[in-house]
J.: 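Pasting a structure below so you can have a look.
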2 protein chains.
Amino acid sequence: MSPRHSAAEAMQTRDAILDRSVAIASAEGLEGLTIGRLAAELGMSKSGVIGHFGSKEALQLAVLDRAGEVFRTEVWEPVRATPPGLPRLRALCEEWISYLERGVFPGGCFFVAAAHEFDGRPGAVRDAVEARFDAWRGRLVKEAGRAAEAGDLPDGTEPEQLAFELMGVVMAANHAVQLHRDPQAPARARRAVRAKLGA
Amino acid sequence: MSPRHSAAEAMQTRDAILDRSVAIASAEGLEGLTIGRLAAELGMSKSGVIGHFGSKEALQLAVLDRAGEVFRTEVWEPVRATPPGLPRLRALCEEWISYLERGVFPGGCFFVAAAHEFDGRPGAVRDAVEARFDAWRGRLVKEAGRAAEAGDLPDGTEPEQLAFELMGVVMAANHAVQLHRDPQAPARARRAVRAKLGA
DNA sequence: ATAGCAATCGAACGTTCGGACGCTAAGGTG
DNA sequence: CACCTTAGCGTCCGAACGTTCGATTGCTAT
């Protein structure tokens, strides 16, 4: 084979490793992601793979970053142009459900899976997962707060409580799709969102 | 050491293996459960451990059964005496949330964790997890149906949709407790349930 | 032209995994 | 008492794990 030696080509290699890693980790978890398997599937040596990251934990963190970019592109970007408050909150939920429906990650929501995998083990990966959820929940709470301020939500609606319940709806949909392969799950989730945010 | 050879004592050993297995698997997953670790923690040999089950997969299925017994004892039994329909559905949700709050399993809901761990890998364990969720959801739908028949729920309430949303509420609570260690999560879940089932 | 850097390889490391084997010793049964 | 079953032990195996190391190769700046 022809090894790559320029910095530009090395970045291509790194990208290829991360793409494959996201695919594997989405289906089998961040621990199911093994360096040997990555090397075999990419036609490289194990040391060639790990050389880009230094350790498996650093690879996992990089994979989390890459998955975060995908999530941002697929869920957040399409919604940025929507006016803040209730309209954006509705659009956010729709894109979020659609992201599950389209199977952006073959194993369902990457972060929900990572959360369950790492919530019991202290470490950098767990902290990174928690930080991402905090950021996401913050976004939901912010938009819900704007919607409430604008009077677009029923009186007494607490943004924190609403965000909590929306998380639940999407997690239920994720679960139904992944475990039960229930094709009705996205429709149920949309209906639940509509009950909370109106049509 | 003094090996045990009577059938009764062997059952005690089997019980001890399962108890420890549930504790380990709850915190680290059914795959994180390893025969060598079990043997070390129980002061036995690996062959002494696996001899009771035959294979790791059979052990995992037995652990799932044991966890199911715990769930039944902690969540279902306290509620059996409550009248069917809305009262029982309410009691069910309360016990369900309380089971998360009390930390019956140190890693949160055993089955939610197992579902996320195995939803991507075909096999007997995955099937068993799915069957348990089907049974549980069936119970929720049945009680919701009775409540609707009795006129105790708003007109147009679909039992399937209600069960879906209740699953979401509890999964959100589980997630908030396990990943964020959020002490308010049970209260939020109760509030969400109250919004759906009344006080 | 040459020195240096970085990407990648191949091989080896120590560990851990699930599992298989043969053995011992005790209980239950005739 | 004799026999059979079996709980449990100790040992071993092949595979896979993450990681480390030196060698090789090609690009790039001097």
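So that the names make sense, note that chain A is the first sequence line, chain B the second, and so on, each numbered from 1. For clarity, every value in this text was computed on a predicted model and none was experimentally measured.
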J.: CD of B:Glu31 versus P of C:dT16: gap in Å, rounded?
T.: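 Computing the B:Glu31:CD to C:dT16:P distance gives 18 Å.
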
J.: Report the distance from atom CD of B:Gln60 to atom P of C:dC17, rounded to the nearest whole Å.
T.: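 My rounded result for the distance is 14 Å.
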
J.: Does the side chain of B:Thr34 get closer than 4.0 angstrom to OP1 or OP2 of C:dT16 through an N or O atom?
T.: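 For C:dT16, neither OP1 nor OP2 has a side-chain N or O of B:Thr34 closer than 4.0 Å.
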
J.: Could you tell me whether B:Glu69 and B:Arg66 make a salt bridge, using a distance below 4.0 angstrom between a side-chain N and a carboxylate O?
T.: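 Looking at B:Glu69 and B:Arg66, the cut-off is met.
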
J.: Can we say A:Glu130 and A:Arg126 salt-bridge, meaning some charged N sits less than 4.0 Å from an Asp/Glu carboxylate O?
T.: yes

J.: What's the CD1-C1' distance between A:Ile50 and D:dC17, to the nearest Å?
T.: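 Distance, rounded to whole Å: 12 Å.
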
J.: Describe the nucleic acid contact of A:Leu38 in one word from base, sugar-phosphate, nothing, applying a heavy-atom distance below 4.0 Å.
T.: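 Contact class for A:Leu38: none.
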
J.: Does a side-chain N or O of B:Ser47 approach OP1 or OP2 of C:dC21 to a distance below 4.0 Å, or not?
T.: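 Checking B:Ser47 against C:dC21: no side-chain N or O falls below 4.0 Å of OP1 or OP2.
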
J.: In whole angstrom, what separates A:Lys56's NZ from D:dT19's C1'?
T.: 12 Å

J.: Under 4.0 Å, counting only non-hydrogen atoms across every strand here, what does A:Ser45 touch: a base, just sugar-phosphate, or nothing?
T.: base

J.: Base, sugar-phosphate, or nothing: which does B:Leu42 touch, judged by heavy atoms less than 4.0 Å apart?
T.: nothing

J.: For the pair made of CD1 in B:Ile35 and P in C:dG19, what is the distance, rounded to whole Å?
T.: 5 Å

J.: Report the nucleotide, chosen from D:dG8, D:dC9, D:dC17, that has the shortest atom-to-atom distance to any side-chain atom of B:His52.
T.: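 Nearest to the side chain of B:His52 among the choices is D:dG8.
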
